[in-house]
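Report on the following structure.
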Amino acid sequence: EKAEKLLQQAINSADNIESSLFKAEALSAIAETAANLKSLGLALKATNECPSDDCIAESLTKVLTVHAEQKNPELKEEE
């Protein structure tokens with residue numbers, strides 16, 4: 001719950017980033033982190049704030065990858 005509040009604050013803070021490139025990177029990272037915490041609602045909320053189609057695509061790709069790896073751990077690449 002605390003992590004979700006922090007992610008919500010991060011989404012709100014990202015809205016203040018002027019550079020669309022940096023905003024996209026921040027929102028994509030927030031969406032991926034939310035997905036890792038199994039908070040798909042916040043992941044989608046971050047994605048909805050994306051300033052471009054590329055950001056939306058990247059965020060959704062990260063979210064879906066995390067979700068697939070959680071459901072099928074054998075898909076996860078070795079680090």
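For the numbers below, each heavy atom of this structure counts, side chains included, while hydrogens, waters and symmetry mates do not.
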Side chain to side chain contact (heavy atoms under 4.5 Å, CB included) against [X], all qualifying residues, sequence neighbours excluded:
| X | result |
| --- | --- |
| Thr65 | Thr61, Glu69 |
| Asn16 | none |
| Ile17 | Ala14, Phe22, Lys23, Ala26 |

Can you name the salt bridge (charged side-chain N to carboxylate O under 4.0 Å, His left out) partners of Glu58, sequence neighbours left out? Lys62
Take atom CD of Glu74 as the centre, draw a 6.0 Å sphere, and report whether it contains more than 12 heavy atoms from other residues, nucleotides or ligands. yes
Quick one: hydrophobic cluster around Val63, which other residues, with the 4.5 Å side-chain cut-off, linked directly or via members? Leu40
Transitive ILVMFWY cluster of Leu60 at side-chain heavy atoms under 4.5 Å: who else is in it? Leu44, Ile56
Filter on disulfide bond (SG atoms under 2.5 Å apart), then keep only pairs touching [range], sequence neighbours left out; what's left?
| range | value |
| --- | --- |
| residues 17-75 | Cys50-Cys55 |
| residues 4-48 | none |
| residues 6-41 | none |

Less than 4.5 Å apart, any side-chain heavy atom of Asn12 and any of Asp15? no
Residue pairs, two or more places apart or on separate chains, that pass side chain to side chain donor-acceptor pair (under 3.5 Å) and touch residues 41-57: Gln8-Lys45
Which atom pairs, donor and acceptor, lie under 3.5 Å between side-chain atoms of residues 31-39 and protein residues at least two apart or in another chain?
unit_1 : atom_1 : unit_2 : atom_2 : d
Thr33  : OG1    : Ala29  : O      : 2.9
Asn36  : ND2    : Glu32  : O      : 3.2
Ser39  : OG     : Glu4   : OE2    : 3.4

Which heavy atom of Leu42 sits nearest to which heavy atom of Ile11, and what is that distance? O-CD1, 3.8 Å
Is it true that a side-chain atom of Ser28 and a backbone atom of Ala24 form a donor plus acceptor pair closer than 3.5 Å? no
